[in-house]
Amino acid sequence: MANALGLVSSSLHCFRWRNRAPLWLSRSDKRAPFICCAAGDDDVEGHVLGTASSKAYRPRVIGMGSKLVGCGSSVPKLLISNDDLARIVETSDEWISVRTGIRNRRVLSGNETLSGFAVDAAKGALQMAQLEAEEVDLVIMCTSTPDDLFGCGTQVQRDLGCKNAWAFDVTAACSGFIVGLITATRFIKGGGFQNILVIGADALSRYVDWTDRGTCILFGDAAGAVLVQACHSDEDGLLGFDLHSDGHGHRQLNALAQGDDDKLISNSNGAPLFPPRKSSFSCIQMNGKEVFRFAVRCVPQSIEAALEEAGLTSSSIDWLLLHQANQRIIDGVSNRLEIPSDKVISNLANYGNTSAASIPLALDEAIRGGKIQAGNTIATAGFGAGLTWGSAIIRWG
């Protein structure tokens with residue numbers, strides 16, 4: 001059987017009362033939730049599945065604000081330059097850089113894994129926040145390219161040693177980090193969580209057609225993370241946000257599941273074909289012109305909506321930090337918002353489009369490089385497959 005605490009397979013069971021009041025009970029209420037546990041369910045190294053948490057009772061305080069107190073990032077060792085790509089497809093450094101602003105990208109190689117880079121990025125965020133892994137309540141893993149079909153949030157939680165944290169994955173492509181960040185603030189405000197790791201990590205190189213110069217020049221692999229912490233509502237670092245999706249745009253950017261027709265068994269009696277197709281994903285398919293038009297039209301509108309909620313104007317922000325998809329998109333959005341180039345953060349030239357990792361990666365570099373200072377206001381936005389897009393007005397520190 002399985003329960004909320006983990007996998008249970010032993011025939012020897014025990015029952016116990018946990019002296020921990022749920023949210024809807026007061027401390028004086030004598031009732032307590034009744035939970036089931038199992039004995040003898042050992043995983044690796046003697047670990048009993050479902051017994052990771054040792055967190056003592058802590059009352060949940062709802063209505064709190066959220067602030068960003070730590071960040072980190074990690075990239076693969078292998079660097080692929082435009083000149084390297086010119087040896088594979090018909091292109092050149094000038095052709096790529098003029099059209100995209102990209103000169104290099106990092107790609108997974110050897111024994112490197114996406115979850116490994118996610119762990120490294122999260123460690124950087126924890127270190128900056130001066131927080132121990134055991135103090136984390138929630139890990140949100142934002143990725144469309146996990147190491148495991150079922151996601152890798154729990155693997156990251158395990159490898160970090162966040163034994164008191166819940167973990168789950170968010171799949172929203174290049175909007176993933178923005179979605180994860182806003183989700184974290186909602187868990188703090190409405191669920192009483194205290195410390196949440198939001199990780200954006202993707203390895204789109206796994207799904208790139210390296211013979212297609214229209215897409216292989218764009219993507220790279222990376223991970224970035226932030227630590228979102230509860231604070232007094234007066235110090236709330238999320239000033240406004242805006243989220244959208246439009247499934248009609250799915251055909252413009254996708255990587256579809258596809259089956260192996262050769263392995264199907266034919267039936268002459270009209271019964272369904274069996275066994276099912278062994279599925280895999282196609283390489284990334286993108287209509288670049290339509291995605292560009294969508295981004296330069298919708299992203300400024302989203303940022304303006306978030307600014308309006310925050311009671312700010314574009315002239316009030318210190319920095320514009322967009323998903324690093326294409327320099328032409330970044331320039332187009334900043335021009336429409338009338339934000340000068342010296343307020344625009346871009347590291348696209350060095351990493352390419354790293355999907356959900358691009359915003360936290362650029363944020364981490366800007367903070368550690370001394371560009372973004374405590375108290376700075378940042379307008380940030382993600383956009384991509386789905387189609388999905390969204391923005392958040394945040395204050396750092």
Side-chain angles (χ1 to χ4, degrees), residues 66-79 105-108 111-143 145-147 152-165 167 169-170 176-178 180-181 184-185 194-203 220-230 237 319 321 323-324 345-348 350-352 354-374 376 378 380 382 394-397:
S66 304
K67 60 181 179 180
L68 279 67
V69 296
C71 60
S73 60
S74 183
V75 299
K77 294 178 181 178
L78 180 60
L79 183 149
R105 70 281 297 147
R106 301 296 184 100
V107 174
L108 289 180
N111 296 324
E112 293 176 336
T113 63
L114 185 70
S115 58
F117 287 107
V119 168
D120 289 342
K123 285 180 178 178
L126 288 171
Q127 183 178 28
M128 182 181 289
Q130 299 182 347
L131 209 67
E132 297 298 326
E134 293 84 354
E135 298 177 83
V136 175
D137 302 305
L138 175 60
V139 177
I140 303 178
M141 179 68 176
C142 309
T143 183
T145 56
D147 295 328
C152 55
T154 55
Q155 298 168 44
V156 172
Q157 174 240 352
R158 175 199 64 199
D159 294 344
L160 281 169
C162 298
K163 61 183 181 180
N164 298 314
D169 289 63
V170 167
F177 177 76
I178 292 295
L181 178 63
T185 67
Q194 294 290 314
N195 297 300
I196 301 178
L197 273 170
V198 182
I199 305 168
D202 267 308
D221 306 335
V226 296
L227 194 290
V228 186
Q229 190 171 73
W319 302 103
L321 173 52
H323 163 53
Q324 306 288 290
I345 294 171
S346 175
N347 66 353
L348 178 70
N350 298 324
Y351 303 106
T354 58
S355 192
S358 75
I359 292 174
L361 172 62
L363 178 70
D364 184 50
E365 287 197 341
I367 290 170
R368 294 181 186 274
K371 183 174 284 189
I372 295 178
Q373 300 290 323
N376 281 179
I378 308 163
T380 184
I394 58 177
R395 183 186 299 116
W396 170 254

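Quick caveat: nothing in here was measured; it's all calculated off a predicted structure. One is the number of the first residue; the rest follow in order along the sequence.
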Worked verdict on L197 versus L160 for side chain to side chain contact (heavy atoms under 4.5 Å, CB included) = CA-CA 11 Å; L197 273 170; L160 281 169; 3.8 Å; yes
query = Quick one: which of Q324, E365, R106 gives a side chain to side chain donor-acceptor pair (under 3.5 Å) with Y351?
reply =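 Testing each of Q324, E365, R106 against Y351, the sole residue satisfying side chain to side chain donor-acceptor pair (under 3.5 Å) is E365.
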At their closest point, which heavy atom of [X] faces which heavy atom of [Y], and how far apart are they?
X    : Y    : value
A165 : V136 : CB-O, 3.3 Å
C152 : M141 : SG-CE, 3.6 Å
P360 : A225 : CB-N, 3.7 Å
C142 : G180 : SG-CA, 3.7 Å
E112 : L108 : OE1-CA, 3.5 Å
I196 : A184 : CD1-O, 3.3 Å

message = Working note: I345 + I372, criterion side chain to side chain contact (heavy atoms under 4.5 Å, CB included); need CA distance, chi angles, decisive distance, verdict.
response = CA-CA 10 Å; I345 294 171; I372 295 178; 3.5 Å; yes
request  = Evaluate the criterion side chain to side chain contact (heavy atoms under 4.5 Å, CB included) for residue pair I394 and L181; output intermediate values, then yes/no.
outcome  = CA-CA 10 Å; I394 58 177; L181 178 63; 4.1 Å; yes
Check: [Y] main-chain N/O paired with [X] side-chain donor or acceptor under 3.5 Å:
X    : Y    : answer
Q229 : G70  : no
Q373 : G370 : yes
D221 : L114 : no
Q194 : A230 : no
T143 : A201 : yes
D202 : S355 : no
D137 : N195 : yes
N164 : E134 : yes

inquiry  = Between Q155 and T113, is the side chain to side chain contact (heavy atoms under 4.5 Å, CB included) condition met? List the steps.
reply    = CA-CA 11 Å; Q155 298 168 44; T113 63; over 6 Å; no
How long is the gap from [atom1] on [X] to [atom2] on [Y], to the nearest 0.5 Å?
X    : Y    : atom1 : atom2 : result
L321 : L363 : CG    : CG    : 6.0 Å
W396 : N376 : CH2   : CG    : 11.0 Å
D364 : I359 : CG    : CD1   : 13.5 Å
L138 : C162 : CG    : SG    : 10.0 Å

query = Pick one: which of S74, S73, C71 meets side chain to side chain contact (heavy atoms under 4.5 Å, CB included) with L361?
reply =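 Exactly one pass, corresponding to S73.
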ask   = So among V170, V156, V226, which one has a side chain to side chain contact (heavy atoms under 4.5 Å, CB included) with I199?
value =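 It is V156, the one option of V170, V156, V226 that forms the side chain to side chain contact (heavy atoms under 4.5 Å, CB included) with I199.
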